[in-house]
Amino acid sequence: MWTFTASFQQCPTSSIPFIAISSPSYSSSSYSRLCSKPPTLICSAVQSQVETLTGTTHGRISDRTEIRFGLPSKGRMATDTLDLLKDCQLSVKQVNPRQYVANIPQLSALEVWFQRPKDIVRKLLSGDLDLGIVGLDTASEYGQGSEDLIVVHEALEYGDCRLSLAIPKYGIFENINSIRDLAQMPQWTEEKPLRVATGFTYLGPKFLKENGLEHVSFSTADGALEAAPAMGIADAILDLVSSGITLKENNLKEIEGGVVLESQAVLLASRKSLLQRKGALDTTHEILERLEAHLRAVGQFTVTANIRGSSAQEVAERVLSQPSLSGLQGPTVSPVFCKRDGKVVADYYAIVICVPKNFLYKSVQQLRAIGGSGVLVSPLTYIFDEETPRWNNLLKELGL
């Protein structure tokens with residue numbers, strides 16, 4: 001177990017050479033953030049080696065021509081990420097499952113690199129990757145508020161969880177139900193601080209300090225954190241929670257105001273790469289458009305029906321009188337031509353609307369009520385806007 005206090009931001013001197021030299025994912029700027037007061041000689045030597053390893057000097061990115069896209073290498077996040085890209089017609093082709101490099105045929109200039117989520121963030125900051133998909137919790141913990149890390153898409157709709165503070169249901173915490181109650185407990189002093197077990201050594205101290213808890217010590221423990229309070233090695237834990245069942249089974253409870261952040265998978269980019277690497281911005285645009293179009297279409301259905309009417313205007317008025325039939329921007333109404341007595345006539349009009357899954361049956365009922373027949377239903381794959389709002393937000397973020 002490693003124990004540290006709220007002033008943990010300064011790295012132990014003994015760890016400086018290991019962190020900086022052994023991992024190419026650390027740039028000199030990342031190194032400086034991690035160790036705010038390193039010995040001058042060590043800092044100078046390590047900075048030189050880091051620049052050699054990462055290919056970054058004086059804030060410039062390396063001269064490689066390919067665009068690198070970091071994806072999680074293992075676990076549920078990895079599987080869900082590959083499934084999402086496949087649904088967007090961006091299937092990842094991996095010749096050998098043991099290889100860390102793959103490609104997406106539709107994006108010829110792109111290389112896919114399978115990495116641990118925390119390493120994806122670190123390598124985005126160092127310039128070794130240009131794009132990446134990780135959980136927001138990982139991006140926030142290892143990005144540490146860096147301006148070079150941009151969240152391009154904040155809601156990929158999988159990997160949902162929350163980073164939350166949990167305390168025992170019993171003992172001195174039995175009547176503690178909020179972060180405010182916890183901060184006002186007289187037990188916590190400089191000599192006897194609140195002990196929190198967590199793997200989030202940046203977000204944890206920051207969150208508790210912002211919520212008035214001044215006397216706190218932090219520790220990381222091997223294995224499940226939920227056992228730490230029962231073993232007596234921590235008073236509380238700060239960890240990712242999905243359903244909350246594991247907490248309950250270990251006699252722990254979440255408290256009001258104790259959620260650090262709500263997390264799900266996000267698309268990240270390096271600001272430097274988007275501005276300086278040729279093709280990076282165009283590639284990001286295509287990936288973003290595909291993601292946006294697919295995610296917007298999830299759970300949406302196209303409903304088509306024929307309705308007898310005197311004119312398109314009259315049919316449109318009947319359709320819009322029903323609250324579930326407005327579609328995305330209104331129904332599409334077009335004449336259905338048929339030949340009767342040697343003449344081409346249009347007694348029916350076809351309407352096409354987009355309907356969410358939870359309103360599907362109700363919409364079909366309303367269509368029948370106003371004379372609809374021959375109702376056809378099909379799932380949507382993509383819904384493309386004139387331009388995705390997230391793309392405009394990204395350009396604004398980049399000052400373009």
Can you tell me how far apart [atom1] ([X]) and [atom2] ([Y]) are? Round to the nearest 0.5 Å.
{"X": "Asp148", "Y": "Leu124", "atom1": "CG", "atom2": "CG", "answer": "8.5 Å"}
{"X": "Gln366", "Y": "Arg318", "atom1": "CD", "atom2": "CZ", "answer": "14.0 Å"}
{"X": "His215", "Y": "Leu194", "atom1": "NE2", "atom2": "CG", "answer": "11.0 Å"}
{"X": "Glu66", "Y": "Leu110", "atom1": "CD", "atom2": "CG", "answer": "9.5 Å"}
{"X": "Glu286", "Y": "Leu288", "atom1": "CD", "atom2": "CG", "answer": "11.0 Å"}
{"X": "Leu281", "Y": "Leu394", "atom1": "CG", "atom2": "CG", "answer": "6.5 Å"}

Test item: [X] side-chain N/O and [Y] main-chain N/O as donor-acceptor pair under 3.5 Å:
{"X": "Gln322", "Y": "Leu367", "answer": "no"}
{"X": "Gln94", "Y": "Gln99", "answer": "yes"}
{"X": "Arg68", "Y": "Gly127", "answer": "no"}
{"X": "Lys357", "Y": "Pro379", "answer": "no"}
{"X": "Ser273", "Y": "Asp130", "answer": "no"}
{"X": "Arg368", "Y": "Val375", "answer": "no"}
{"X": "Arg290", "Y": "Gln89", "answer": "yes"}

Cluster link [X] to [Y], ILVMFWY, side chain under 4.5 Å:
{"X": "Leu129", "Y": "Leu268", "value": "yes"}
{"X": "Val151", "Y": "Trp391", "value": "no"}
{"X": "Val259", "Y": "Val196", "value": "no"}
{"X": "Ile370", "Y": "Leu360", "value": "yes"}
{"X": "Leu182", "Y": "Val216", "value": "yes"}

I need the minimum non-hydrogen distance between [X] and [Y], along with the two atoms involved.
{"X": "Pro331", "Y": "Leu320", "result": "CD-CD2, 3.5 Å"}
{"X": "Val152", "Y": "Ala269", "result": "CG2-CB, 3.6 Å"}
{"X": "Gly135", "Y": "Ser263", "result": "C-OG, 4.0 Å"}
{"X": "Ala183", "Y": "Asn211", "result": "CB-O, 3.7 Å"}
{"X": "Ala265", "Y": "Ile133", "result": "CB-CG2, 4.4 Å"}
{"X": "Leu225", "Y": "Pro229", "result": "O-CD, 3.7 Å"}

Donor on one side chain, acceptor on other, His285 and Glu387, under 3.5 Å: yes
Ser164 and Glu254: side chain donor to acceptor below 3.5 Å: yes
For [X], all residues meeting side-chain hydrogen bond (donor to acceptor under 3.5 Å, both in side chains), sequence neighbours excluded:
{"X": "Arg308", "result": "Tyr348"}
{"X": "Glu256", "result": "none"}
{"X": "Gln184", "result": "none"}

Do other residues, nucleotides or ligands put more than 12 heavy atoms under 6.0 Å from [X] [atom1]?
{"X": "Glu190", "atom1": "CD", "value": "no"}
{"X": "Arg180", "atom1": "CZ", "value": "no"}
{"X": "Ile245", "atom1": "CD1", "value": "no"}
{"X": "Glu147", "atom1": "CD", "value": "no"}

Measure the shortest side-chain to side-chain distance between [X] and [Y] over non-hydrogen atoms and say whether it is less than 4.5 angstrom.
{"X": "Val333", "Y": "Ile307", "value": "no"}
{"X": "Phe218", "Y": "Leu208", "value": "yes"}
{"X": "Gln187", "Y": "Lys192", "value": "no"}
{"X": "Leu400", "Y": "Leu274", "value": "no"}
{"X": "Leu247", "Y": "Glu226", "value": "yes"}
{"X": "Ile120", "Y": "Pro72", "value": "yes"}
{"X": "Phe207", "Y": "Leu213", "value": "no"}
{"X": "Lys93", "Y": "Pro105", "value": "yes"}

Pairs involving residues 100-114, ordered by first then second residue, that meet side chain to side chain donor-acceptor pair (under 3.5 Å) (sequence neighbours left out): Glu111-Trp113
Contact list for residues 69-83, test side chain to side chain donor-acceptor pair (under 3.5 Å), sequence neighbours left out: Arg76-Asp80, Thr81-Tyr158
Ion pair check, Glu141 and Lys118, cut-off under 4.0 Å: no
Of all pairs that satisfy ring pair (Phe, Tyr, Trp, His ring centres under 6.0 Å), the ones with a partner from residues 357-385, not counting sequence neighbours: Tyr382-Phe384
Listed once per pair and sorted, the ring pair (Phe, Tyr, Trp, His ring centres under 6.0 Å) pairs that draw on residues 231-253, sequence neighbours left out: none
By side-chain contact (heavy atoms from CB on, under 4.5 Å) - contacts of Leu82 (at least two apart): Leu71, Val92, Phe114
Counterpart residues, side-chain contact (heavy atoms from CB on, under 4.5 Å), relative to Ala350 (two or more places apart): Asn306, Ser334, Val336
Partner residues of Arg390 under the salt bridge (Lys or Arg N to Asp or Glu O under 4.0 Å) criterion, sequence neighbours left out: Glu154, Glu292
ILVMFWY clustering at 4.5 Å (side-chain atoms), partners of Tyr170: none
Nonpolar side-chain network containing Val344, other nodes, edges under 4.5 Å: Phe337
Derivation of the side chain to side chain contact (heavy atoms under 4.5 Å, CB included) call for Tyr142 and Leu125: CA-CA 9 Å; Tyr142 295 96; Leu125 292 173; over 6 Å; no
Identified side-chain contact (heavy atoms from CB on, under 4.5 Å) counterpart of Phe173 within the set Leu252, Asp181, Ile167, Ile255: Ile167
Passing option when Thr302 is tested against Val355, Ile353, Leu380 for side-chain contact (heavy atoms from CB on, under 4.5 Å): Leu380
Residue pair Met77, Val134: steps toward the side chain to side chain contact (heavy atoms under 4.5 Å, CB included) verdict: CA-CA 8 Å; Met77 181 70 81; Val134 299; over 6 Å; no
